[in-house]
Amino acid sequence: MSNKNSRALLLLLLTGFVALTGCNKKERLSNESQLPNVVSVEEAQKSFTDYFHKQAQTELQTSNLSIAPNWDAHTTVHLSSKFSLLKVPQIQGGRTFGNNGKCYWYRDIIFQKQNDKVNAVAFEIRMDTAYFNKQIAKLGPGLDIRSYVDNKNFSGYILFFTLDNVFITGRKYTAGKMTYSLFPPAKDKRAAQTEDVICDYNDPVVGIRCWNEETGVTGVDLPGIVVTAPYTGPVILPGSSDPLAPVYNPAYDPNLIHNEGGGTGTSSPTATPPKSPAIIDDSKLKDCMKEVLASLKWQSKGVSSIIQQFAGEGDRLGFNWNVKNGPLGPDENGSTEPLYDRANNTVNTTIDDSKYKNATTFVVARTLLHEAVHAYIVTRFGTNPITANQTYGDLVEYYNRTQDANGAHHMTMATFVSSIADALQGFGELNGIITDRQFYEDMAWGGLTSTQAFKSLPIATQNRINNVLSVEQNGVDMNGAAKQQRGKKSGC
Amino acid sequence: MNVKHLCCGILFLSCITFGTPTKAQEKQRNYTIKKHKKTGTAGALIVIRAFEAGKPDEQPLVGVNLILDADTTKPSRSIGYEGVYKLQVRPGKHKIWAGWPGYKAITTGYISANPGDSILLNFYLSPDGPLVN
């Protein structure tokens, strides 16, 4: 499956969940023809027919799911002003799983249009037996099976399959709230059939990620284990990220889902993307620092691109960076909070202007870049913790070993000193300062001199770097001798 | 001392004697353990969640890293988007470490896991100090 198609599928899955959990029936019945991206029944029919025609031609797996949906019973679900789904009932029934449990289920086909291409997935609802019985007692027998599903109190599974019945992903709901996600086995994410994933309806919590010490197997749990205290509240989701994307395919940046899809939210309040555009709030920063920060925004060399991302340029993070002035400890130039502020989609940094009275703008710039990298990493961990654990595996390993988050950040940062130097050089050139590359590389070590990487440098190199940092910061070298600074005075 | 005072005294002593946590719900400083017994199972199960300290009613944290038998070199595992992690363990005593960049790490004392035990372990992680320089 190509990148583009996979992305479209992810979008469809995300919006599909919203279709059940985020819309009521009145919202579904609106004037379809006046809205963009509405899939007509004719388009859906063609897409469906083409899909199975292509499958048959290539002799790939097909199934009785090629049964034509009940096109007359279609429903259009409007998720936003830009995105709609066409839901078409296909099949339904009761099915026995394991020895005792019987599950009542139905399957709809969901169609969505993106860039004029119609994508489709099978959307299966499996009601918990107890829930189904309760709904029958409440509403009476003999209704269409779909009538027994109520978003407000739904208990059961929402599962997605390709049209040829390969399980993609799913979610478990209890009393109307999502309790966890389901994924295919890790080794072959797309190969599992339904029964391999959801097997035992005696087990109320099938699918919780686990690790078996005996076998060393990690991944989706299968039947036979009873959890005595399953979590039943809303599941925390990382900022605007789609919780399904990182596990489904770690290569995707989940933010793309919302950028392209308009993000109408999911079952969790923390899944809602930030309402305001990404900004750097420097209103409480001293003017001398604002100017440097503005300069850094203007060039994209090295890690300056991080600042641009915070500022909403280019491949933006979509989150905010709050940089303010404030007092810090004796040896602290800048400080960034280690946890992401989910309530405000913000990461907070403090810069102490009193440390820059004798410093050059290079010191301000390198501090801002340094803190921007801290902020970037904090944002990555705060908004997409699972992916960050993988992306920054060395940082996590260092932290696990030392419990020193600051050291772990710096260890990571030391691996791209050269990129920080690029950004400083870009800043210098933008401000008309021409000096040698060695100077920028030495300056880039600012804040990182306690790292093992720095201590591994030859002593003469360490001394040279320490002298450069000291001169630019205070106008004197490590021996206290006054030296000519390369940069302009910061004016702080 | 009249009967009323005697009754109050007995009530007071009862509160002291029976009001302390039981073994089944042993409360530590920054984690809690609840044990449930289930017969017919050879192994033991530890179900782990992590919360931000002082916010036990909020959603459990995702991504928190866990190490079983904290004083060994076993690899870490992380809590997924479900907000809960299940560890099937051999019966015996286990220390569990929980940590994540930005929070102060916690290591439990030895948790005794007997055959058939289901143990719910909640961590309450406190924010770590700021990242400086």
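So you know, we letter chains A, B, ... as the sequences are listed, proteins then strands, and number each from 1. Hydrogens, waters and symmetry mates play no part in the numbers below; they use all other heavy atoms, side chains included.
Proximity to chain B is limited to the side chain of A/L395, based on heavy atoms less than 4.5 angstrom apart. Contact annotation for A/E371: only side-chain heavy atoms (C-beta onward) come within less than 4.5 Å of a heavy atom of chain B. Heavy atoms closer than 4.5 Å to chain B are found in both the backbone and the side chain of A/T336. Heavy atoms closer than 4.5 Å to chain B are found in both the backbone and the side chain of A/N400.
Chosen from A/G329, A/G447, A/S335, the residue pairing most often with chain B at heavy-atom distances under 4.5 Å is A/S335. Interface remark: of the candidates B/G102, B/G63, B/P101, B/P130, B/P101 forms the most heavy-atom pairs closer than 4.5 Å to chain A. Looking only at heavy-atom pairs under 4.5 Å with chain B, the residue among A/E337, A/E397, A/E332 that has the most is A/E332.
Using cut-offs of 30° and 60° on the angle between ring planes, the pair A/Y399 and B/W97 is tilted.
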For side-chain contact (heavy atoms from CB on, under 4.5 Å), just list the numbers for B/V132 and A/L328, CA-CA rounded to whole Å, side-chain angles, deciding distance to a tenth of an Å, and then say yes or no.
CA-CA 9 Å; B/V132 296; A/L328 294 172; over 6 Å; no
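The two residues A/I386 and B/V62 have their closest heavy-atom pair at CD1-CG1, 3.6 Å. Listed here is the closest heavy atom pair of A/P385 and B/W100: CB-CZ2, 3.4 Å.
To the nearest 0.5 Å, atoms CG (B/N133) and NE2 (A/H409) are separated by 14.0 Å. Taken from CG in A/D404 to CG in B/D128, the straight-line distance is 8.0 Å, to the nearest 0.5 Å.
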